[in-house]
Amino acid sequence: MLRVFGFLAAFPLLLMPLAVGQEPVKPPLNPRIVTATRQVSMFSALEKQMLEAVRKKDKAALQAMLTDETFINLPDADPLPGDDWVESVMSKDFSLKSFVVRQVNVTDLGTAAVVGYDRIQDSTDKGKQDGGEFYVVDVWKKDGDTWKLADRYVCKVGSTPVLPTGPVRPTGKQ
Amino acid sequence: MALAQRRVRNAAVILFMFLTASFLMAQSLRSGEDKAPDGKHGQSGQTLTAAGPIGQTVVQGNGINYHTGGTVLKASPVPIYIIWYGNWNGGAKPSDSQATVSLIQGFLSSSSLGGSGYEAINTTYGDTTGNVSGHLNFSGAVFDNYSQGTRFGDRNLTTIVSTHAGHGLPLDASGVYLVLTSSDVKESSGFCRTYCGFHTHATIGGADIKYAFVGNVDQCPAGCEIQSTGPNSPSTGVGGADGMTNTITHETEEAITDPDLNAWFDASGNEDADKCNFKFGPTKTAANGAKFNQTFGGHNWMIQMEWENSRGGGCDQTLGGPFFTN
């Protein structure tokens, strides 16, 4: 009996190393809400404008945002000419239902800018789910007073689109 | 034999209890992590309150929403404390100067921004116990001579705040602390590259302390200044102080209406000032050629508009004024 009581008394002590070990596993990421730079604000708007053109099947608007030599670059594939890409996303087979652009970063090089961001999209191709999470790097080229997409490098990083359905906690990185 | 069996049984019982306790502890830890803000997109797990009055006068459905459990800062005025970090006395850029210090401290006084019709826009926000007062006031400052060096990250920023809150400055959960850095200081988490400033909060000395980072925007005029010569520039091309007032306005508005990052934001995660970022409305031209859109405290200012949470919602320059889209 004494042994049982002894064990019960010692039981919390047995757990102590475990608790201490778990507590500092990973310091929490410091949440913050940022004031985006002018470039981040502007290119976030441009990227969303381009995605809206795809969603609404607005071919003229999409073409107006590309240079004559735009290429879409994907892993394990030849570069896709901009015109072919426009045709593919304008076809009836492809449907972009919704999207989220986040974590936008911009390197402004004067007449060009490199824009990286995460994109989550809900889309179908020939009726099959085609959405997911993508990491995109776009090279934009200044053309007079406007910017045009010169090159896109895109890689799928997740297959399941998990689009926020309710209010999202602000990150300031949208 | 019986003794050996009993030992094995006891060992099994101990092992079972140990594993059960470990499992339960892990579950509670995960639950805690889910509730804590993580700075990432995704469902917050919070619930929107139904449209209708909140507190005294605040309503939902104006393009921005109150989220249950969130609180706002309601002090009248909200104290603003400044930590001047780096060299503000003849630093690398002409705007790293005592003139900037005087201008910004004056800008934040109750007779300037703190009592303006612009600041009153914040009275359209509240929580379940009342509304924002619409008043703020500069309430103290300290200088920090590079205690964390010329390059630091977010964690060092918290250290800077904890060094001075309660030591030189009051420890005040009802106020907002601004860490303003001179132009030679790099905030490595993205200042000038992705952001011009940010606000957040942390537990310091047992209090929930709200603070913001704003760097001297002369480090990246193209990214964070609307014009290189501001209405208060001492000479042509010295726009840092005016540029900083714009970012300071953004951060203080948000730190008051969403101090713990869980009260007021829209479906895209944008807080009130985010919805009008770099949108200024109609402007006038000062004698030095700089544009401005506000006049108070004896100065002209060029500061972004603010999202008014009434009349359907929109960006305006003063409470009840006309809405502008740019």
Side-chain angles (χ1 to χ4, degrees), chain A residues 3-4 7-8 10-12 14-19 21-23 25-45 48 100-110 113-118 120 133 162-174, chain B residues 10 13-14 17-18 21-22 25-26 29 33 36-48 65 67 154-155 157-158 189-190 192-202 213-214 220 222-226 247 250-251 254-255 258 261-262 265-271 273-274 277-278:
Chain A
R3 204 180 286 174
V4 172
F7 165 72
L8 289 175
F11 186 66
L14 284 172
L15 294 178
M16 276 183 69
L18 181 73
Q22 284 192 359
E23 193 63 33
V25 168
K26 188 180 177 184
L29 182 67
N30 192 23
R32 59 180 188 200
I33 313 295
V34 307
T35 302
T37 64
R38 292 169 66 187
Q39 290 97 335
V40 168
S41 298
M42 183 183 74
F43 284 105
S44 296
K48 288 174 187 170
V100 168
V101 171
R102 64 183 189 181
Q103 309 267 47
V104 180
N105 286 283
V106 179
T107 302
D108 187 352
L109 302 170
V114 181
V115 180
Y117 65 94
D118 286 340
I120 303 173
E133 185 174 356
V162 188
L163 287 161
T165 54
V168 293
R169 190 183 297 279
T171 69
K173 293 177 178 175
Q174 293 76 15
Chain B
N10 284 345
V13 167
I14 290 169
M17 291 178 75
F18 189 81
S22 299
M25 285 177 70
L29 193 68
E33 283 170 353
D38 61 1
K40 302 273 190 192
H41 253 294
Q43 285 187 271
S44 63
Q46 297 174 309
T47 51
L48 263 175
N65 295 300
H67 298 79
D154 291 0
R155 275 188 293 181
L157 191 70
T158 311
S189 66
C192 279
R193 182 176 168 82
T194 58
Y195 63 76
C196 307
F198 65 82
H199 79 96
T200 185
H201 70 120
F213 165 85
V214 177
C220 51
C224 296
E225 285 182 12
I226 189 65
T247 312
H250 184 124
E251 299 306 341
E254 291 184 345
D258 195 21
L261 321 183
N262 61 358
F265 49 90
D266 69 12
S268 299
N270 290 316
E271 295 176 314
D274 294 327
N277 195 26
F278 286 107

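The shown structure was predicted, so the numbers you read here are calculated from the model rather than taken from an experiment. Below, read A as the first sequence line, B as the second, and so on, with proteins coming before strands; counting in each chain starts at 1.
Using bins of under 30°, 30° to 60° and over 60° for the plane-to-plane angle, the ring pair B/Phe213/B/Tyr195 lands in the perpendicular bin.
The minimum heavy-atom distance between A/Ala36 and B/Cys196, with the atom names listed, is O-SG, 4.0 Å.
Contact annotation: the side chain of A/Ile33 approaches that of B/Asp274 to within less than 4.5 Å [non-hydrogen atoms, C-beta and beyond]. By the 4.5 Å heavy-atom criterion applied to side chains, B/Val214 and B/His250 are not counted as neighbours.
Neither the backbone nor the side chain of B/Cys220 has a heavy atom closer than 4.5 Å to any heavy atom of chain A. Heavy atoms closer than 4.5 Å to chain A are found nowhere in B/Ala273, neither backbone nor side chain.
In terms of heavy-atom pairs under 4.5 Å with chain A, the best-connected choice from B/Cys192, B/Ser189, B/Gly190, B/Cys224 is B/Ser189.
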